[in-house]
Amino acid sequence: MKQLITALTLLGASATAFAAGGGALYDFTADSGNEASVQRGARNFMNYCSGCHSVKYLRYNRLARDNEIPDSQLGALMFTSDKPGDTIVTAMPAEQAAKWFGQAPPDLSLTTRARGADWVYSFLKTFYLDPSKPTGVNNKQLPGASMPHVLGGLQGYQVVHEADAHGESADAHGGGHGPSFELAVEGTLDEKAYDEFVGDLVNFLAYAAEPGKKEMHDRGFWVLLYLLFLIPLTYLIKLEFWKDVH
């Protein structure tokens, strides 16, 4: 019995670490309650990701309602439908996508919950040039990824410098542990602007994974306030019931 409890504890800890994005190369904490960031992230997703990927559990009108997006701006985001009640799906046929990429690009609705926001953030930051791959790039967070670097025009294209056996970066400017990256071809955004772009995109995906999270947090505050109000009342009732019991 003791061994079973230990095994279940370890299993639960492993699942928690995986869901929190264990093994991510960069730290990133998503802020899905930042409406301005989620709005920018939705724009980024529709412009750069929706051609291949969907977030099929999220509806356009829910996105607009939760993040105060006016109808005039929502229309500009609706690439695959003209009905606000429709879910956000890609227009790319799955069979054709499988032929082009080896497999159909996955739906991203629950990616930040399954992988962790920091994993997704790291994935979008660690593409590097690799002539041996059909797309010309590889990814340090997900080696062998069949996805091309769709944000390469923004970030630019990097070369990677691996760490040696002592953990020191082979790049003189790497400064530490693990792989380091050097920009070989410049993009239209500098490093800070690209990090902000990716951060907004990940915040949108974190929101898409749990659209009701902010609402639940707000409701939780009122529930706790109600319980704090209820505790003294229940104590007074207890005194009233037991006052004649000796």
Side-chain angles (χ1 to χ4, degrees), residues 18 20-30 37 40-55 90 92 97-164 167 169-206 208-209:
F18 179 76
L25 294 174
Y26 292 93
D27 293 328
F28 180 80
T29 302
S37 178
R40 293 191 300 268
R43 175 203 63 197
N44 297 346
F45 178 87
M46 297 308 299
N47 285 332
Y48 291 91
C49 307
S50 65
C52 297
H53 298 280
S54 59
V55 280
T90 179
M92 179 181 289
K99 291 179 181 179
W100 296 333
F101 300 110
Q103 61 180 356
D107 176 82
L108 300 182
S109 299
L110 302 177
T111 302
T112 57
R113 292 191 67 180
R115 297 279 195 174
D118 50 358
W119 190 98
V120 180
Y121 181 83
S122 299
F123 175 75
L124 294 173
K125 278 180 58 69
T126 58
F127 279 94
Y128 64 94
L129 292 171
D130 185 349
S132 69
K133 299 298 180 182
T135 60
V137 295
N138 206 335
N139 189 276
K140 267 296 165 187
Q141 188 63 50
L142 184 62
S146 57
M147 175 178 160
H149 189 14
V150 294
L151 302 181
L154 302 176
Q155 183 188 25
Y157 291 88
Q158 308 176 116
V159 293
V160 66
H161 300 279
E162 301 290 353
D164 62 21
S169 171
D171 178 18
H173 304 288
H177 306 285
S180 63
F181 300 90
E182 180 181 354
L183 196 62
V185 180
E186 291 188 357
T188 57
L189 300 179
D190 60 27
E191 183 176 2
K192 180 180 179 181
Y194 182 74
D195 288 350
E196 291 174 352
F197 180 98
V198 171
D200 291 337
L201 180 54
V202 176
N203 282 340
F204 165 72
L205 291 175

Stepwise side chain to side chain contact (heavy atoms under 4.5 Å, CB included) test for Leu108 and His53
CA-CA 7 Å; Leu108 300 182; His53 298 280; 3.7 Å; yes
Where do Pro105 and Cys52 come nearest, in terms of heavy atoms and distance?
CB-O, 3.5 Å
Enter the distance from Thr112:OG1 to Tyr121:OH here, rounded to the nearest 0.5 Å.
15.5 Å
Can you list the residues that meet the side chain to side chain donor-acceptor pair (under 3.5 Å) rule with Thr111, with sequence neighbours excluded?
none
Could you name each residue pair satisfying salt bridge (Lys or Arg N to Asp or Glu O under 4.0 Å) that touches residues 122-143, not counting sequence neighbours?
Lys125-Asp195, Lys140-Glu162
Side chain to side chain donor-acceptor pair (under 3.5 Å) partners for Ser50, two or more places apart
none
Got a sec, which residues hit salt bridge (Lys or Arg N to Asp or Glu O under 4.0 Å) with Arg40, two or more places apart in sequence or on another chain?
Asp200
Angle class for the Phe123/Trp119 ring planes (parallel below 30°, perpendicular above 60°, tilted otherwise)?
parallel
What are the two closest non-hydrogen atoms of Ala184 and Leu129, and how far apart are they?
CB-CD1, 4.2 Å
Would you find more than 12 non-hydrogen atoms of other residues, nucleotides or ligands less than 6.0 Å from Tyr48 atom OH?
no
Rounded to the nearest 0.5 Å, what separation is found between the CD atom of Gln158 and the OG atom of Ser180?
10.0 Å
Pairwise side-chain contact, Thr126 with Tyr26, heavy-atom cut-off 4.5 Å (strictly under):
yes
Can you classify the ring geometry of Phe181 versus Tyr128 as parallel (below 30°), tilted (30 to 60°) or perpendicular (above 60°)?
tilted
Just so I know, are the side chains of Val159 and His161 near enough to count as touching, which here means a heavy-atom distance under 4.5 Å?
yes
Closest non-hydrogen contact found for Leu110 with Ala209 is CD2-O, 3.9 Å
Here the pair of heavy atoms bringing Ala30 nearest to Ala117 is CB-CB, 3.7 Å
List for me each residue that meets side chain to side chain donor-acceptor pair (under 3.5 Å) alongside Asp107, sequence neighbours excluded, and say none if there are none.
Ser54, Ser109
Main-chain N/O of Gly144 paired to Asn138 side chain as donor or acceptor, under 3.5 Å
yes
If you measure from CG on Leu183 to CD on Gln155, what distance do you get to the nearest 0.5 Å?
7.5 Å
CG of Leu201 to CD of Glu196, rounded to nearest 0.5 Å, is 13.5 Å
Shortest non-hydrogen contact between Pro179 and Val160, atoms and distance:
CB-CG2, 3.7 Å
Are the side chains of Val55 and Leu205 in touch, meaning some heavy atoms are under 4.5 Å apart?
yes
Between Phe197 and Asn44, is there a side-chain heavy-atom distance shorter than 4.5 Å?
yes
Can you check whether Leu25's main-chain N or O pairs, donor with acceptor, with Gln141's side chain at less than 3.5 Å?
yes
Which of parallel (below 30°), tilted (30 to 60°) and perpendicular (above 60°) describes Tyr194 and His149?
perpendicular
Report the distance from atom CG of Asn139 to atom OG of Ser122, rounding to the nearest 0.5 Å.
9.0 Å
Partner set under side chain to side chain donor-acceptor pair (under 3.5 Å) for Asn47, not counting sequence neighbours:
none
